Amino acid sequence: MTSSALDLPPSVRIGPGSGGLTVVRVASSRGSAEVYLHGAQITSWVPAGADPVLWLSAASEFAAGSAIRGGVPICFPWFGPLAGVPSAPKHGFARLVDWTLDDVRADGDDVVLVLVLRDSALTRASAWPHRFEARYTITVGTHLTLSLDVANTGTATFTFEEALHTYLSVGDIGATEVRGLDGAPFADQLRDPQAQPGEAGPVRFTAETDRVYLATAAAATVVDGASARSVTIDKLGSRSTVVWNPWQAKAAAMADFGADEWTQMVCVETCNVKTDAVDLAPGSSHTMSVTLSIDQPLPHQPQNRAT
Ligand code: BG6
């Protein structure tokens, strides 16, 4: 079905967005969102009455064949470079191609979008020759749920990696911590690709950070001290969580990162990567999903002071 054939609820509009790419705009009583067909990438989610939750670089490219820097890129069917194939695009092809909008519907006060990507001559030529169908369901409301279902439509088992590479806005990375990953083994991508034992306590940021936490199904909470807000990331069907901030030098080397933007973002990515990659038999499917919810501060109250 083409998007023009869909019967849209009144809270949904489809039109040109940045760079002329097609964007689906949701504006409901419970929250607003923007989703590009390019990469099936959600670039904005604003729960009603709250500040934007997702970070998007002001310097992002919006162009066919490029990844959008921010929101939630989908990394699939591999994460990082594809082993042994240096010409293959980093983080897979899913974030670089247009997905098809398959369904848009209201679910009570929430809005549900379903986007689909199937193998094509292009994807099969990308060093990943497998037959698949990926269905991505985005539910926009006071919570945001993202659910990626991958089906093996071919005749042989394949292995894939996946990440919902979630960029979150924070007031100040130096006053941010990620809770919930205590004790989970992690591979430090900057030092040693072998997993090392987990650490106690929250993750705090004082330098470039690029960690792949493995064998953890735990929820994580990003505590944004500067904004006095926290974002909880509850996940299902996911065994890995990536935590990333490029810090100053790496961000400065990226054309699609504005100066100092790195101070106001953190990625906490719901994944199945490395030793948590998924083996999928013909006719089988696998679903990974994440729900983001915010713990909003109460309006500022004057403090009682002892005199
Ligand atoms: C993270 C990786 O998930 O994505 C990092 O762990 C990587 O190693 C980052 O630098 C951004 O990748 P890209 O391809 O979007 O610049």
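For the numbers below, each heavy atom of this structure counts, side chains included, while hydrogens, waters and symmetry mates do not. Order of listing sets the numbers, starting from 1, for every ligand and every atom in it. Source: prediction; values computed, not measured.
Remark: minimum distance from atom 8 (O) of ligand 1 to any protein heavy atom is reached at Asp210 OD2, 2.5 Å. Scanning all protein heavy atoms for the shortest distance to atom 11 (C) of ligand 1 gives Trp244 CH2, 3.5 Å. From the protein, the heavy atom lying nearest to atom 7 (C) of ligand 1 is Lys90 NZ, 3.7 Å. Closest protein heavy atom to atom 16 (O) of ligand 1: Arg69 NH2, 3.0 Å.
Ligand-side atoms of ligand 1 in range of Phe79: 3 (O), 6 (O), range being under 4.0 angstrom from any heavy atom. Those atoms of ligand 1 that come under 4.0 Å of a heavy atom in Glu269, given as number and element, are 1 (C), 3 (O). Proximity to Val242 (heavy-atom distance under 4.0 Å) selects the following atoms of ligand 1: 3 (O), 6 (O).
A single hydrophobic cluster is seen to contain both Trp244 and Leu168, as judged by linkage of ILVMFWY side chains at heavy-atom distances under 4.5 Å, directly or through other members. When the side chains of ILVMFWY residues are joined at heavy-atom separations under 4.5 Å, either directly or via intervening members, Leu146 and Val97 end up in a single hydrophobic cluster.
Side-chain atoms of Glu133 and Thr153 include no donor-acceptor pair closer than 3.5 Å. With 3.5 Å as the limit, one finds a donor-acceptor pair spanning the side chains of Thr159 and Asp279.
A side chain to side chain contact (heavy atoms under 4.5 Å, CB included) with Val104 is found for exactly one of Leu8, Asp7, Val26, Val35, namely Leu8.
Residue Arg13 qualifies as open at atom CZ: its count of foreign heavy atoms under 6.0 Å is 12 or below.
Within the model, atoms CG of Leu214 and NZ of Lys274 stand 7.5 Å from one another, a figure rounded to the nearest 0.5 Å.
Of the listed residues (Arg95, Met254, Gln189, His165), the one carrying the non-hydrogen atom nearest atom 14 (O) of ligand 1 is Arg95.
Between Lys250 and ligand 1, no pair of N/O atoms sits closer than 3.5 Å.
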